[in-house]
Amino acid sequence: MARPCTMDANNQTTNHPPTKTWLGVPLAPGISRNNFATYLFAVFISSGYAGALSVLQPGLLHVMGIAQETQAMVTGYLGAMQELVFILLLGTAGALSDRIGRRPVYVFGLALTGIGFALYPHAGSIAQLVAFRLLVAVGSAAMIGMMVTVVADYASESSRGRANGMQAMAATLGAFIPPILASLPRVFSGQGMDELTAQQSTFAVAGALGLVAALVALAGLAPRVAQTATKARESLARTLIGGLKAARDPQTALSYGAAFISRGDLAVTGAFISLWLVQYGTRELGLTASEAMFQLAVPRVLATVAGALLGSVMMGLIADRTTRVTAVAMASGLAAIVYGAVFLIHDPTADWVIALLFVMGIAEISAFVSSQALVGQQAPEAYRGATIGFFGVAGAFGILLGTSGGGVLFAKVSPSAPFVLFGVLNFAVCVWSLWLRKHLSIQSAADKPSSISAIATSQ
């Protein structure tokens, strides 16, 4: 196949390598199919880590002999500490990647997270548990920051939505890793291990996933994506400031708002759907907690996951066929309707709730994909890592509100209250998106006569 030719400034013919594609998605110049496939594998493992501790930690706390009345407090404290680390370090991780490249930061994040998991069940006290959780949190900040940033580097502008849709699909599939890991303690116990050793073996397997993914990322990610020459000479502080200043762009600011609600959406769904169903099953239907989890929660969580898989493909295509601001408006509008409709649920086991949760999966992943496509489009190349790092910080605040504030609303108001709150927040972002869309249209229309006049004058 012949390479496309163009004329340079001296009217000399130059050859450029053809743009590579991966499953029909055009990649950015210099990115190979192997680079993108490696990235999706890293996303798969990274996403699995995101929910692993919430599934594995309760059993570990019990085996450690921590009193039941203390377990909830310890769980909340450790979760809040991790989100605080994210808020403090996501921007820094992004800015650092602008200077030294994405690959070393991603490899570091995967490896440190894996080491933290392997050490976690060896804690002999709550203080040691906190120390090991800090290792996981620091590694996760680097890992999750690069999970969002690398796709912005690897996708061409025309395929940014589809690339983010593929990333979201890999992340959704990664959500199956925690329940698989959660089944291992029983397997190891059945082989004659005591409970603590079974937990330690399970966490060792989880830690090995991160170390394997780090080696794969080291071998398969692009060494360094082409970036501007001037920013490499800037200090880390100036790179961070550059990322902060990027928020002055209205579309970047909208992407931060969309990150806040999309991450909060995911947190609320993950934290409270199963809890609501287990509480209802034990209180109203006389089921045991394990029966309620298996009979009620699992089918409905799977419906949400199925919706997310479909939504990641749909919104990826939509975001490439319309403006990214319009995509955010559509996603947040759908989420506003779906999350607001949870107010109508009186019996969470009703058949129609499964359909609602399927649509909820579409809505939450659509908000996730559209917000990432928008920030990837708007982030200045010189400060892309820092800008997307602060995008992650906005998402961390959304998770904090969803889990901590949502927990209070769940307990004090009603189980539907956290969902209604994020329905209102999604509606606010939808209105913001529609206003900005109209403003950009007016601005574009005003610019056209000026451009035509300039051409006529030059002629």
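Only heavy atoms go into these numbers, but all of them, side chains included; no hydrogens, no water, no symmetry mates. The first residue of the sequence shown is numbered 1, and numbering continues consecutively from there.
Of the possible polar contacts, none joining the S47 side chain to the F44 backbone as a donor-acceptor pair under 3.5 Å is found. A distance-only check finds no donor-acceptor pair linking the side chain of R324 to the backbone of S370 [under 3.5 Å]. Checking side-chain atoms of Y154 against main-chain N and O of I31 turns up no donor-acceptor pair under 3.5 Å. Side-chain atoms of N426 do not come within 3.5 Å of backbone N or O of G333 as any donor-acceptor pair. Distance alone, capped at 3.5 Å, places no donor-acceptor pair between the Y256 side chain and the V375 backbone. Between the side chain of Y39 and the main chain of M147, a donor-acceptor pair closer than 3.5 Å is present. Judged by distance alone, the side chain of Q251 and the main-chain N or O of L436 form no donor-acceptor pair under 3.5 Å. Between the side chain of T149 and the main chain of G145, a donor-acceptor pair closer than 3.5 Å is present. Remark: the backbone N or O of I180 is paired with a side-chain donor or acceptor of S183 at under 3.5 angstrom. Judged by distance alone, with hydrogens and angles left aside, the side-chain atoms of D320 form a donor-acceptor pair with the main-chain N or O of R162 at under 3.5 Å.
No side-chain heavy atom of L27 sits under 4.5 Å from any side-chain heavy atom of N35. Contact check for I345 versus L356: side-chain heavy atoms found under the 4.5 Å cut-off. Taking 4.5 Å as the limit, every side-chain heavy atom of Y280 sits out of range of all side-chain heavy atoms of L277. Between H122 and Q128, every side-chain heavy-atom pair lies at or beyond the 4.5 Å cut-off. The side-chain heavy atoms of V429 and F260, taken from C-beta on, include no pair separated by under 4.5 Å. Under the 4.5 Å side-chain criterion, counting only non-hydrogen atoms from C-beta, S189 is in contact with E195. Within the 4.5 Å cutoff, no side-chain heavy atoms of L357 are placed close to those of T269. Taking 4.5 Å as the limit, every side-chain heavy atom of F188 sits out of range of all side-chain heavy atoms of Q199.
Rounded to the nearest 0.5 angstrom, M169 CE and L310 CG are separated by 8.5 Å. The OG atom of S416 sits 13.5 Å away from the OH atom of Y339 when rounded to the nearest 0.5 Å. L84 CG to L89 CG: the interatomic distance, rounded to the nearest 0.5 Å, is 9.0 Å. A distance of 11.5 Å separates CD1 in I261 from CD in E364, rounded to the nearest 0.5 Å. To the nearest 0.5 Å, the span separating CD1 on I362 from CE on M314 amounts to 5.5 Å. Rounded to the nearest 0.5 angstrom, L374 CG and S433 OG are separated by 8.5 Å.
What you find for F108 and A142 is that their closest heavy atoms are CD2-CB, 4.1 Å. For the residue pair M64 and S125, the shortest heavy atom distance occurs at CE-O, 4.3 Å. Nearest heavy-atom pair across S371 and R263 is OG-NH1, 3.7 Å. Contact record, A319 with G161: CB-CA, 3.8 Å, taken as the closest heavy-atom pair. Listed here is the closest heavy atom pair of G94 and M146: CA-CE, 4.1 Å. Across all non-hydrogen atoms, the minimal contact from A306 to F358 is C-CE1, 3.8 Å.
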Check your understanding: Could you go step by step and tell me if S97 and Y106 meet the side chain to side chain donor-acceptor pair (under 3.5 Å) rule?
Key -> CA-CA 9 Å; S97 77; Y106 210 159; over 6 Å; no
Practice item. Output, in order, the C-alpha distance, side-chain angles, deciding distance and verdict of side chain to side chain contact (heavy atoms under 4.5 Å, CB included) for F419 and I273. Key: CA-CA 10 Å; F419 299 91; I273 285 294; 3.6 Å; yes
Exercise for review: Evaluate the criterion side chain to side chain donor-acceptor pair (under 3.5 Å) for residue pair S262 and D265; output intermediate values, then yes/no.
Suggested key: CA-CA 5 Å; S262 66; D265 289 346; over 6 Å; no
Practice item. Start with the C-alpha distance between I318 and M315, add both sets of side-chain angles, then the distance that settles side chain to side chain contact (heavy atoms under 4.5 Å, CB included), and finish with yes or no. Key: CA-CA 5 Å; I318 290 170; M315 183 49 66; 4.1 Å; yes
**Study point:** From CA spacing to verdict: side chain to side chain contact (heavy atoms under 4.5 Å, CB included), M81, L78
**Key:** CA-CA 5 Å; M81 182 187 68; L78 291 172; 4.1 Å; yes
Point to revise | CA sep, side-chain torsions, deciding dist, call: F397, V393, side chain to side chain contact (heavy atoms under 4.5 Å, CB included) | key: CA-CA 6 Å; F397 277 113; V393 170; 3.7 Å; yes
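The environment of M330 atom CE is sparse: at most 12 non-hydrogen atoms of other residues, nucleotides or ligands sit within 6.0 angstrom. For F427, the CZ atom is loosely surrounded, since the number of other residues' heavy atoms within 6.0 Å does not exceed 12.
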Between side-chain atoms of residues 109-120 and protein atoms elsewhere (two or more places apart, or another chain), which donor-acceptor pairs fall under 3.5 Å?
{"from": "T113", "atom 1": "OG1", "to": "G109", "atom 2": "O", "distance (Å)": "2.7"}
{"from": "T113", "atom 1": "OG1", "to": "S140", "atom 2": "N", "distance (Å)": "3.2"}
{"from": "Y120", "atom 1": "OH", "to": "Q57", "atom 2": "OE1", "distance (Å)": "2.5"}
{"from": "Y120", "atom 1": "OH", "to": "R133", "atom 2": "NH1", "distance (Å)": "3.4"}

For residues 405-413, which side-chain N or O atoms pair as donor and acceptor with protein atoms under 3.5 Å away, sequence neighbours left out?
none

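Evaluation of the side chain to side chain donor-acceptor pair (under 3.5 Å) test over residues 297-313, restricted to residues two or more places apart or in two chains, returns none.
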